Amino acid sequence: MAAKLTSSTLLHHILNKHHFPARTFPWRRVGARHCASFQQQKTQYSNHGATSSWDVQSYMPEAAALSNVQSYQELLDISVGDPETFWGVLARERLTWVKPFQMVKDCDFTQGRVRWFLGGQLNVSVNCLDKHVHQCPERVALIWERDEPGTQVNITYRELLDTTCRIANTLKKHGVQKGDRVAIYMPVSPMAVAAMLACARIGAVHTIVFAGFSAESLAGRINDASCKAVITFNQGVRGGRVTELKKTVDEAVKSCPSVKHVFVAQRTDNKVHMGNLDISLEEEMDKADSVCTPEAMNSEDMLFMLYTSGSTGKPKGVVHTQAGYLLYAALTHKYVFDYKQGDVFGCMADIGWITGHSYVVYGPLCNGATTVLFESTPTYPDPGRYWETVERLQINQFYGAPTAIRLLLKYGDDWVKKYNRSSLKTLGSVGEPINHEAWEWFHNVVGEKRCTLVDTWWQTETGGICISPRPSEPEAEVIPAMAMRPFFGIQPLLLSENGKVIEGGDVSGALCIAQPWPGMARTIYGDHQRFVDAYFKTYPGYYFTGDGAHRTNEGYYQITGRMDDVINISGHRLGTAEIEDALDEHPDVPETAVIGFPHEIKGETAFAFVVLKENLSLPEKAILEELKSIVATKIAKYAVPDHIMVVKRLPKTRSGKIMRRVLRKIVTNQTEDLGDITTLEDSSVITEILEAHQKYKMDKPGK
Ligand code: WT7
């Protein structure tokens with residue numbers, strides 16, 4: 001193995017254009033089958049220095065530098081008790097710096113101020129690419145598991161660097177500069193990953209918009225971020241269906257004056273209309289230089305922003321910065337999943353969500369891993385897809401969402417058992433609470449009871465996993481369906497309604513985190529006050545997650561769900577207010593209230609109460625259909641409520657606030673105890689809604 005690369009030699013290497021020649025153009029390989037010699041490569045780079053008996057130094061080589069830590073517990077203690085030393089040592093050792101940092105942190109939760117590794121400079125794409133290309137250029141970085149089974153494409157680190165540099169040079173040529181925002185509207189693919197890294201290379205800020213969002217949602221995000229460019233595909237392919245990505249972008253950019261260029265890559269051979277703003281990405285890449293000098297970025301410069309829903313208002317652009325985010329993503333990827341060099345890491349998430357950012361792209365690539373880009377769906381072409389992929393790609397860590405597990409469970413064990421899953425070592429779950437039945441099935445059937453299954457709790461805002469059963473002392477117990485233990489440096493705690501810290505076991509409260517960690521969000525783009533208000537105001541001095549949790553007598557954490565008006569549909573977060581705003585646009589709908597409602601597969605779905613005008617322009621049924629289509633157009637298809645119930649009035653307090661808590665009780669048939677309804681303006685509204693709900697259930701049996 002090559003000697004450890006120092007920042008200065010690496011920079012020298014890059015600046016002198018001593019570069020690895022491009023032999024192929026990976027972005028051209030749309031139809032290719034290219035998976036040979038992967039096993040060969042795997043053996044070559046597998047598992048250096050692993051020991052059979054656990055010792056802390058081989059587990060975390062930095063342990064010696066951390067006051068000679070001897071055990072896992074000591075490691076955990078120092079991470080929380082002396083975060084400056086812990087994170088300082090890890091940042092120095094695990095990241096490649098252009099300029100060393102002077103100060104580990106400067107944080108003050110009361111101001112919402114979070115800054116790490118000040119004075120330091122680095123480039124994230126260098127840490128994810130050049131570092132590995134220097135040591136092992138032919139290692140596979142990405143396995144693009146395309147929609148059609150058996151058509152995967154392998155991309156080496158050398159190829160990914162080449163592609164990244166060409167995109168970076170293309171962006172630069174067309175005026176994209178350091179600090180500019182670039183929207184990426186692409187499903188998971190090597191081109192999308194290279195686009196992210198290309199932004200990182202030149203210091204532009206990417207904001208990925210999930211390719212299932214509507215034109216209007218896309219436009220809202222582009223405008224909020226004042227994006228200068230958009231990168232997209234002509235079309236997308238998923239579950240055997242083609243999606244019109246470019247058309248959606250065309251529709252969106254009509255109302256986005258900041259956009260100067262739309263770069264269009266080809267996912268299919270079909271031609272799409274190319275207008276004034278449009279540039280063929282591949283054509284430009286062919287002409288571009290395959291070397292691009294990385295920008296030296298300050299630790300706290302923006303790396304990306306990602307829009308997510310809050311309980312009020314429009315989606316917020318959660319900002320993550322360079323060094324702290326990357327370090328945290330890489331460290332959690334390594335330790336939560338017990339990733340070892342040579343492993344094939346399979347996170348099924350789309351890059352449109354934070355899980356895709358941290359565990360498809362940045363964490364695995366920073367660690368020099370081989371990471372799977374899953375383009376398809378769990379049921380295409382049949383419900384065995386995941387496990388057939390596991391067998392074919394020899395996936396070692398499989399990270400998925402409870403909603404997919406619940407769906408597959410329904411199809412029975414045969415679809416799983418048909419395939420050899422002996423490569424699997426760790427299974428992970430993320431995005432929403434995983435119910436016992438799904439956990440047991442995932443663990444017993446998929447993992448044959450021999451894989452560790454980790455229920456990982458975190459958020460867009462936390463940047464990486466914060467609570468999960470691993471890491472922990474080897475052999476420590478894992479309790480089903482529970483996130484359990486904090487990661488290094490994370491200090492969870494529960495607060496009561498009156499803002500007091502709740503001590504002891506078998507207690508519940510608002511889940512907060514007591515001190516900063518490098519991966520956490522820094523601000524909300526363009527609205528720092530909203531950042532302070534949303535996360536640091538409810539419980540001054542603490543980061544408030546928005547979730548409730550229970551702590552057991554053993555000190556383990558069990559997440560109980562959101563405490564605000566945010567719902568979680570198939571692991572995707574949505575503010576009920578966003579759906580209400582969309583529904584309210586209908587001219588015949590003066591008022592609505594949306595709440596979360598349990599759903600067998602999706603976990604939660606939206607339940608909308610709508611008040612209609614007296615004299616309708618159309619029959620009620622037609623209006624309900626229009627309402628569904630409004631939500632799909634304004635937000636996305638997944639946001640469309642499964643239930644829309646017409647009511648005469650909504651339950652309101654005397655001050656005019658809608659009492660959603662009463663609606664929640666009614667739809668879940670907890671009508672015995674509706675809680676305190678003394679503040680209701682008119683309590684007869686309850687009887688009215690109860691009657692309407694009875695009728696609704698009769699018309700729609702099973703609800
Ligand atoms: C919210 C964050 C983290 C990446 C995907 C979602 C819920 C997330 C769990 C879990 C129970 C979970 C929380 C959280 N959540 N993971 N393991 N158990 N709930 O990211 O869209 O930012 O949503 O998802 O409610 O606050 P996100």
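Being a predicted model, the structure only gives us computed values, none of them experimental. Side-chain atoms are counted along with the backbone in the values below, which use heavy atoms only and exclude waters and symmetry mates. Numbering of residues begins at 1 and proceeds along the displayed sequence. Atoms within each ligand, like the ligands themselves, are counted from 1 in listed order.
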Heavy-atom proximity to atom 18 (N) of ligand 1, picking from His357, Arg562, Gln459, Glu432, points to Glu432

*asked:* Is there a polar contact, in the sense of an N or O pair closer than 3.5 Å, between Thr355 and ligand 1?
replied: no

- Do His443 side-chain atoms and Glu448 backbone N/O form a donor-acceptor pair below 3.5 Å? no

Tightest non-hydrogen contact, residues Ala593 and Leu663, listed as CB-CD1, 3.7 Å

When every non-hydrogen atom of Glu432 is compared with those of Asn568, the smallest separation belongs to CB-ND2, 3.8 Å

| query | Should we say atom CD of Glu600 is surrounded by more than 12 heavy atoms from elsewhere, each under 6.0 Å from it? | reply | no

the protein heavy atom lying closest to atom 3 (C) of ligand 1 turns out to be Trp458 O, 3.1 Å

Between Trp517 and the options Tyr543, Phe487, Trp116, the ring pair (Phe, Tyr, Trp, His ring centres under 6.0 Å) test singles out Tyr543

In this structure, atom 25 (O) of ligand 1 is nearest to the protein heavy atom Asp547 OD1, 2.7 Å

Counting heavy atoms under 4.0 Å, the part of Thr460 that contacts ligand 1 is both

So the atoms of ligand 1 within less than 4.0 Å of a heavy atom of Ile354 turn out to be 4 (C)

Practice item. Check the angle between the aromatic planes of Phe544 and Tyr539 and answer parallel, tilted or perpendicular using the 30° and 60° thresholds. Key: perpendicular

* Report yes or no: does Thr576 contribute a side-chain atom to a donor-acceptor pair with the main-chain N or O of Asp565 at less than 3.5 Å? => yes

Any heavy atom of Asn568 under 4.0 Å from ligand 1? The part involved is side chain

Taking only non-hydrogen atoms of Ile559 and a 4.0 Å limit, the atoms of ligand 1 in range are 11 (C), 19 (N)

Within the 4.5 Å heavy-atom criterion, are Leu424 and Arg450 side-chain neighbours or not? yes

Closest to atom 16 (N) of ligand 1 (heavy atoms only, candidates Gly431, Ala481, Ala483, Ser429) is Gly431

Arg573 heavy atoms within 4.0 Å reach ligand 1 at atoms 2 (C), 21 (O), 22 (O), 23 (O), 27 (P)

*asked:* Below 4.0 Å from ligand 1: does a non-hydrogen atom of Trp353 turn up there or not?
replied: no

Ligand 1 atoms nearer than 4.0 angstrom to some heavy atom of Val430 are 3 (C), 4 (C)

List the steps, then state whether salt bridge (Lys or Arg N to Asp or Glu O under 4.0 Å) holds for Glu578 with Arg573. CA-CA 11 Å; Glu578 276 173 76; Arg573 195 159 133 183; over 6 Å; no

Atom 11 (C) of ligand 1: closest protein heavy atom, distance to 0.1 Å, is Pro433 N, 3.2 Å

